[in-house]
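These notes are about the structure you will find just below.
Each ligand, and each atom within it, is numbered from 1 in the order the structure gives. Residues: numbered from 1 along the sequence shown.
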Amino acid sequence: MSEQHISTAAVSTAAGLTPIPGNVDPMTVARPSLVDGVTPREDGRIDLIGLPKKRIAELFEGAGLDVKAAKLRAKQVYHWLYHRGVTEFEAMTDIAKTMRPWLAERFVIGRPEIVEAQHSSDGTRKWLLRTADAHDFEMVFIPDADRGTLCVSSQVGCTLNCRFCHTGTMRLVRNLTVGEIVGQVMLARDSLSEWPKNAEDSRRLAALMDDIGDDDDEEGGYHPSGRLLTNIVMMGMGEPLYNFDNVRDALKLVMDGDGLALSKRRITLSTSGVIPQMERCGEEIGVNLAVSLHAVTKEVRDEIVPVNKKYGIEELLQACADYPRVSNARRITFEYVMLKDKNDSDDDARELVRLLKHYKLPAKVNLIPFNPWPGAPYECSTPERIRAFSDIVFQGGISAPVRTPRGRDIDAACGQLKTAAEKKSRAEIDRLLAEKEAALLG
Ligand code: SAH
Ligand code: SF4
């Protein structure tokens with residue numbers, strides 16, 4: 001994973017808050033309006049984005065096509081939707097001209113609405129997006145010399161309350177749907193004009209994706225000058241493993257060769273450590289894993305990543321060691337936010353090395369300078385401290401690059417939220433955090 005991956009900060013509208021579940025894991029249920037993976041629209045048409053080929057075929061059959069025709073049309077439409085990125089049935093040239101209005105009367109090809117698009121002076125781009133039921137969330141594109149990374153959100157808000165994360169001061173509004181998750185990647189391809197236009201483009205894209213490295217240690221190979229969207233990180237707003245099914249189904253569309261065709265080696269899912277879902281993540285999705293460790297003692301991790309009270313450090317590291325297909329070529333990334341006088345001592349660095357070695361983890365560490373936000377209870381460690389910490393971990397034989405914050409001028413860096421969350425008073429934030437913690441510990 002790049003040193004320069006950053007996370008989105010996302011924003012919520014105040015409306016329609018979902019109550020936080022009580023004495024169970026704060027796993028959220030699907031939106032009540034979702035029936036069989038289909039979000040009903042007021043005009044009665046069905047949005048196809050987010051649906052797999054099989055479901056599209058079923059809908060075509062339900063709309064009157066015979067089984068064989070439904071299957072064939074679904075195959076064609078699927079290719080146009082997810083591989084070629086068209087947004088009009090009229091553009092589907094291998095589908096009979098008479099058939100296209102039939103499709104348009106019954107179905108739509110949706111995208112999340114873009115409320116605002118911002119460009120950072122360092123090239124980072126941030127989009128404020130809105131769901132059909134008016135909840136706002138964000139995605140960020142980070143171009144680098146050798147890759148382009150899209151940081152995707154999985155929820156509006158978050159049930160967890162990591163103390164250094166602005167998203168943690170918000171309630172969970174709701175899980176994003178499959179269409180809203182894959183829709184972010186599709187919107188990015190729209191905005192960057194990167195859909196393959198013909199079979200030759202598809203071949204070139206596939207070759208390019210094979211050629212470019214997916215690892216920090218990559219050398220040589222073809223460098224697309226950061227223009228192409230080559231990598232995805234599930235590091236936006238929310239905890240992806242608390243929206244497991246939707247994240248999995250969306251990433252399947254992204255990884256399908258006839259879909260968005262991005263290799264699973266180029267996708268990284270970041271979790272705060274939701275152990276019960278980690279193995280499934282490896283088995284059912286198979287993407288790279290990043291774990292927000294952030295501390296090496298129970299005392300400190302309990303404070304800054306409260307889910308630690310439920311799933312402790314040892315158990316978490318064991319789950320990492322058991323993560324399917326982990327190897328030296330596919331190491332787990334441990335994210336470690338640098339908080340002044342909290343988790344940044346030489347002893348902490350040495351303990352980090354000891355722990356990772358004890359569990360024999362093929363690991364790399366990503367040191368993230370803390371990105372401040374209004375009312376945040378911590379400060380960022382000094383650059384000298386971060387360098388000293390990084391050196392100790394490197395000397396222990398583990399790669400520990402310092403991530404360069406990107407997009408700070410447009411509030412696009414890790415955990416930088418604004419609007420709805422900012423408007424809360426300190427007392428309101430404290431009340432909300434206490435509520436979330438009670439729900440978490442149930
Ligand atoms: N919920 C998931 C993924 C989203 S957060 C998780 O917690 O892993 C993506 C990364 O940004 C996490 O490592 C998170 O701890 C980090 N992060 C959150 N707020 C931050 C801040 N203010 N400064 C730096 N990193 C932050
Ligand atoms: Fe949620 Fe991740 Fe922020 Fe923790 S760091 S509050 S899990 S988004």
Side-chain angles (χ1 to χ4, degrees), residues 1 4-12 20 25-28 137-140 142 149 151-173 175-176 232-244 247 268-274 277-278 281 288-295 301 303-308 310-311 316 332-340 342-344 365-381 386 402-408 411-418 421 429 432-433 436-437 440:
M1 202 173 76
Q4 295 184 326
H5 290 160
I6 58 168
S7 171
T8 62
V11 182
S12 117
I20 292 155
D25 257 14
M27 180 105 66
T28 50
F137 60 105
E138 290 185 344
M139 68 170 188
V140 176
I142 311 121
T149 305
C151 182
V152 172
S153 290
S154 57
Q155 299 182 309
V156 180
C158 188
T159 45
L160 301 178
N161 55 330
C162 305
R163 301 266 163 200
F164 51 83
C165 173
H166 210 172
T167 311
T169 66
M170 297 166 64
R171 241 177 238 282
L172 175 74
V173 177
N175 281 338
L176 291 174
I232 291 179
V233 290
M234 294 302 303
M235 290 188 188
M237 181 180 197
E239 169 50 59
L241 295 188
Y242 278 140
N243 186 14
F244 185 86
V247 167
T268 301
L269 182 147
S270 175
T271 178
S272 56
V274 181
Q277 304 294 331
M278 280 169 56
C281 176
N288 303 317
L289 187 69
V291 172
S292 294
L293 189 61
H294 302 316
R301 196 161 192 267
E303 176 189 323
I304 67 179
V305 187
V307 76
N308 192 65
K310 195 166 185 140
Y311 307 121
L316 175 59
I332 294 182
T333 302
F334 289 91
E335 294 157 287
Y336 199 99
V337 63
M338 297 302 295
L339 304 173
K340 190 174 184 181
K342 181 52 67 183
N343 63 356
D344 63 351
V365 172
N366 238 315
L367 299 177
I368 317 175
F370 170 64
N371 289 307
W373 39 271
Y378 304 109
E379 278 177 61
C380 184
S381 311
I386 298 177
V402 181
R403 195 186 290 182
T404 312
R406 297 284 302 269
R408 270 187 175 172
D411 284 338
C414 294
Q416 285 189 317
L417 289 187
K418 52 174 191 174
I429 290 177
L432 179 63
L433 293 184
K436 288 172 87 172
E437 192 150 333
L440 174 70

Could you find the nearest protein heavy atom to atom 2 (Fe) of ligand 2 and give me its residue, atom name and distance?
-> G238 O, 4.4 Å

Please identify which atoms of ligand 1 are closer than 4.0 Å to at least one heavy atom of C165.
-> 18 (C), 19 (N)

T271 heavy atoms, cut-off 4.0 Å: which ligand 1 atoms fall inside?
-> 6 (C), 8 (O)

Could you tell me whether H166 and ligand 1 have an N or O pair separated by under 3.5 Å?
-> no

State whether the side chain of R301 and the backbone N or O of L293 hold a donor-acceptor pair below 3.5 Å, judged by distance alone.
-> yes

Check ligand 1 against I368 and write out every atom of the ligand that is under 4.0 Å from a heavy-atom position of the residue.
-> 24 (C), 25 (N)

Check for a donor-acceptor pair, side chain of N343 on one end and backbone N or O of V337 on the other, with a separation under 3.5 Å.
-> yes

If hydrogens are left out, which of G236, C158, S270 has an atom nearest to atom 4 (C) of ligand 1, that is, the closest non-hydrogen atom?
-> G236

So which bit of N371 gets within less than 4.0 Å of ligand 1, heavy atoms only: side chain, backbone, both or neither?
-> both

Look up atom CD in E379 and atom CE in M338, then write down how far apart they are to the nearest 0.5 Å.
-> 13.5 Å

Contact (N/O only, under 3.5 Å) between V337 and ligand 1 = no

What protein N/O/S atoms are found closer than 2.8 Å to atom 4 (Fe) of ligand 2?
-> C162 SG

Is the shortest distance from a heavy atom of G168 to ligand 1 less than 4.0 Å?
-> no

So is G238 close enough to ligand 1, meaning a heavy atom under 4.0 angstrom away?
-> yes

S153 (side chain) donor-acceptor with G236 (main chain) under 3.5 angstrom = no

Under 6.0 Å between ring centres, would you say that holds for H294 and F164?
-> yes

Residue selection (non-hydrogen contact nearest atom 14 (C) of ligand 1) among H294, E335, R163, E239 | H294

Pick whichever of S153, P369, S292, C162 has a heavy atom sitting closest to atom 7 (O) of ligand 1.
-> S292

Quick one: do the E335 and N366 side chains pair a donor with an acceptor below 3.5 Å?
-> no

Can you tell me how far the SG atom of C162 sits from the CG atom of N308, to the nearest 0.5 Å?
-> 10.0 Å

K342/E303 salt bridge by N-O under 4.0 Å criterion | yes

Determine whether the side chains of E239 and T271 contain a donor N or O and an acceptor N or O closer than 3.5 Å.
-> yes

